[in-house]
Undergrad: 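Handing you a structure now.
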Amino acid sequence: MIRVRFAPSPTGHLHIGGARTALFNYLFARHAKGTFILRIEDTDRERSTQEYTDSILKGMEWLGFEWDEGPFHQFERLELYKEHVEKLIKEDKAYRCYCTPEELDAKRKALLAAGKKPKYEGTCRNKDLEPRTSNSEPYCIRFKAPQKGNVVFQDICRGEISVNREELDDMIILRTDGTPTYNFTVVVDDVTMNITHVIRGDDHLNNTPRQIQLYQALEYPIPQFAHLPMILGPDKQKLSKRHGAVSVIEYKSMGFLPEAMLNYLARLGWSHGDQEIFTKKELIEYFDLKVVGKAPSVFDIEKCTWVNSEHLKKLSDKELMKWTKPYLEELGIQIADEAYAAKAIHSERERGKTLKELAQITAFYLKEEVLFDEAAAQKWLNENGKKGLKALQNKLFSLKSWDEKILHDTFDAIMKELGISKMVELAQPCRVALTGTTVSPGIFEVMAILGKERVLKRFEAALKK
RNA sequence: GCUCCCAUCGUCUAACGGUUAGGACACGGCCCUCUCAAGGCCGCGAUACGGGUUCGAUUCCCGUUGGGAGCACCA
C-alpha cells in the first residue's frame, strides 16, 4: 500500500512550489490508490503561525487536494521524538554536545575562510562527558554519524545518488531547549506514519543522505525518494515575492480555475506526449513519477493564463455562471435576473482568459449606467456617430420583434439611408453607446441580449454626451 | 570554498543511438470580420562548449562553462 505525505511548514502561505509538490504527491497517491497524508511541520515555534496553517489548508482545499489523514502537527508529537532520541542515546548513537552556538559559529567561519567545508569537527563526540552530565550546563543532542563509506540511494527522478559519509557531520537532533530539529522529525514522522515514498523538492536532496543514516541508526526501513526539480521565476531565480504572485490563493483572486492550476503546475516538469490540456481525472490516470524531468522550470504566467482559458472553454454556461458570480459581486454587481446574466456571460466567454477578466468585460450588461471610456466616446460619439444613433433610435423604437437578424436588417437599411458604406461607422458609435468601450461581442448579439428597453435607454444617455 | 544536482527554441516540453530535432505558450504575418476575441493557415526560433565511444550521438562517457541546492540549535 502506497502512502505519501505533503509536509509544509506554516511559515508562509502555500506557494506555487509547495502546491506543485503537493500536486505530485496527490497525483501519485490517487493514481496508485494509495493514501495522501497532510502533515504540518511546525517545530519552529518562532516562525510558525496559525494564520499560515489556515491559509495552507485553504489553498489545499481550493486546489482540491483532499487528504486522507491529518493534518498532523509535529508540535503535538514531541514525546515521540524524545523517545527516539532516548533510544539513540541508549544505543550510543547520539551524544550530548556542550559546544555553544558562538563557538560553533566561530569554527564554522574559520573553516570556511580556510576553504574547507564547514562541518562539525566532533569536539564533544569522543570527550569523556560523564562528569559534566550531572551539572546544569546547557547541551544539545547530536547524532553520532557513521564516518566510513558512502551513502547510496536510488532516487526515482534522479537515479543513483552517492555521497561520501565524510561530507556528513554529526547533526544536532535535539536543540538545547529540548525541541527536535527538522532532519530528525521528518525521519521519525515518515517512519511512524509508514510513508512509502518521500516526494519533495530537490532542495532536500542534500538532506537525504543524512536522513538515511538516521533511518539506519534507528533500524527502520528506508522509504523510496523522489526529488522534484524546483520552479523558478522568469529570471531563473528561485520563485519569490519579487516575481509577483507566488501564493496560490492569489491565483484564486486573479480568476484562475483550480483545475487549470493543477493542469499547468503538472506540466512543469512532467508531460504526457504532446497533450497540454488535462482534466484532474486525466492527470491522475496518466501521472508517472518516472516521467518527471530533472531540470528546474520557469513559471510562465502567460502559459498558465492560456491553460486557464482552455479550461474556461470547457465549462458549461451554468458552471461558468457559478464560477463568475463571486467576481461580479466583487465589482459590486448583484445578479437579479439569472437568465439575463447567463446570456451576458455566454456572449463574453470566449473573450475572458480569467474569471476576473470575464466578470470585468461582462459588467457593462449588468450595470445600470454605462461607464464611458472617454477616448472612445470622443472618437465615436461625435456628430456623425450621433446622427447614426438617432436614425437607429427611431427605427428601433418602432420595431415589433427583436433579434439579431432583424437588428442586422435595420442596420443595413440605415446605412443605405444615410449613405454609410462601412459598417464600422455605425457599429462603433452604437457599441460605445451601449458598452462604453470600443470592444465587445458582436454588436447585434449585444443588442439582442440587452433588449430593446435597455438599448433605447442607453442611446438616450449617449446622445446627451 | 567544499559536496551534491542540473543543462533541447525566449518559456514549458517531445524524440528504444538512426526524425528535414516534433508539439505548446509567447511573438510576427495572412484569412475571417462591425470592434475585440475565438478559430484557420503560414513564419520566426533550440540540442551551452570541447573531447571521446560508435558506421551513426540530443541521446552513452569525460572535461569546461553556466545555473541551482546544501554545508544552521530553519524547514
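Every chain is numbered from 1, with letters handed out A, B, ... down the list of sequences.
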Undergrad: Rounded off to whole Å, could you give me the NZ-to-C1' distance for the A/Lys119 and B/C71 pair?
TA: 10 Å
Undergrad: Paired with B/G66: which nucleotide, if any, by Watson-Crick or G-U wobble criteria at under 3.5 Å for both distances?
TA: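 Its partner is B/C6.
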Undergrad: Using atom P of each nucleotide, how far apart are B/G22 and B/C42 to the nearest Å?
TA: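 Per the computed distance, 14 Å lies between those P atoms.
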Undergrad: Say whether A/Thr438 and A/Lys379, considering side chains only, have a donor N or O and an acceptor N or O under 3.5 Å apart.
TA: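 A/Lys379 and A/Thr438 do not have a side-chain donor-acceptor pair below 3.5 Å.
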Undergrad: Quick check on RNA chain B: between A/Gln74 and A/Arg20, whose nearest nucleotide comes earlier from the 5' end?
TA: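 Upstream on the strand: A/Arg20.
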Undergrad: How many whole angstroms separate atom CZ of A/Phe225 from atom P of B/C4?
TA: 18 Å
Undergrad: List the residues meeting salt bridge (Lys or Arg N to Asp or Glu O under 4.0 Å) with A/Arg267, not counting sequence neighbours, and say none if there are none.
TA: A/Glu276
Undergrad: When you check the phosphate oxygens OP1 and OP2 of B/A38, does a side-chain N or O of A/Ser309 lie under 4.0 Å from one of them?
TA: no
Undergrad: To the nearest angstrom, how far is A/Leu205 atom CG from B/C71 atom C1'?
TA: 14 Å
Undergrad: From B/C5, B/C73, B/C25, pick the nucleotide closest to the side chain of A/Arg158?
TA: B/C5
Undergrad: From the list B/A26, B/U3, B/C6, which nucleotide is the closest neighbour of the side chain of A/Val163?
TA: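 Shortest atom-to-atom distance from the side chain points to B/U3.
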Undergrad: Find the distance A/His15:NE2 to B/A75:P and express it as a whole number of Å.
TA: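 Interatomic distance, NE2 of A/His15 to P of B/A75: 15 Å.
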Undergrad: Determine which nucleotide pairs with B/G39, using a 3.5 Å limit on both distances of a Watson-Crick or G-U wobble pair.
TA: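 Answer to the pairing question: B/C31, which forms a Watson-Crick or G-U pair with B/G39.
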Undergrad: Could you give the CG-to-P distance, from A/Leu168 to B/C71, as a whole number of Å?
TA: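 It is 11 Å, rounded to the nearest whole Å.
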Undergrad: Of all the nucleotides listed (B/A75, B/C73, B/C2), which has the minimum atom distance to the side chain of A/Glu41?
TA: B/A75
Undergrad: When both hydrogen-bonding distances must be under 3.5 Å and the geometry is Watson-Crick or G-U wobble, what is B/U11 paired with, if anything?
TA: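 WC or wobble partner is B/A24.
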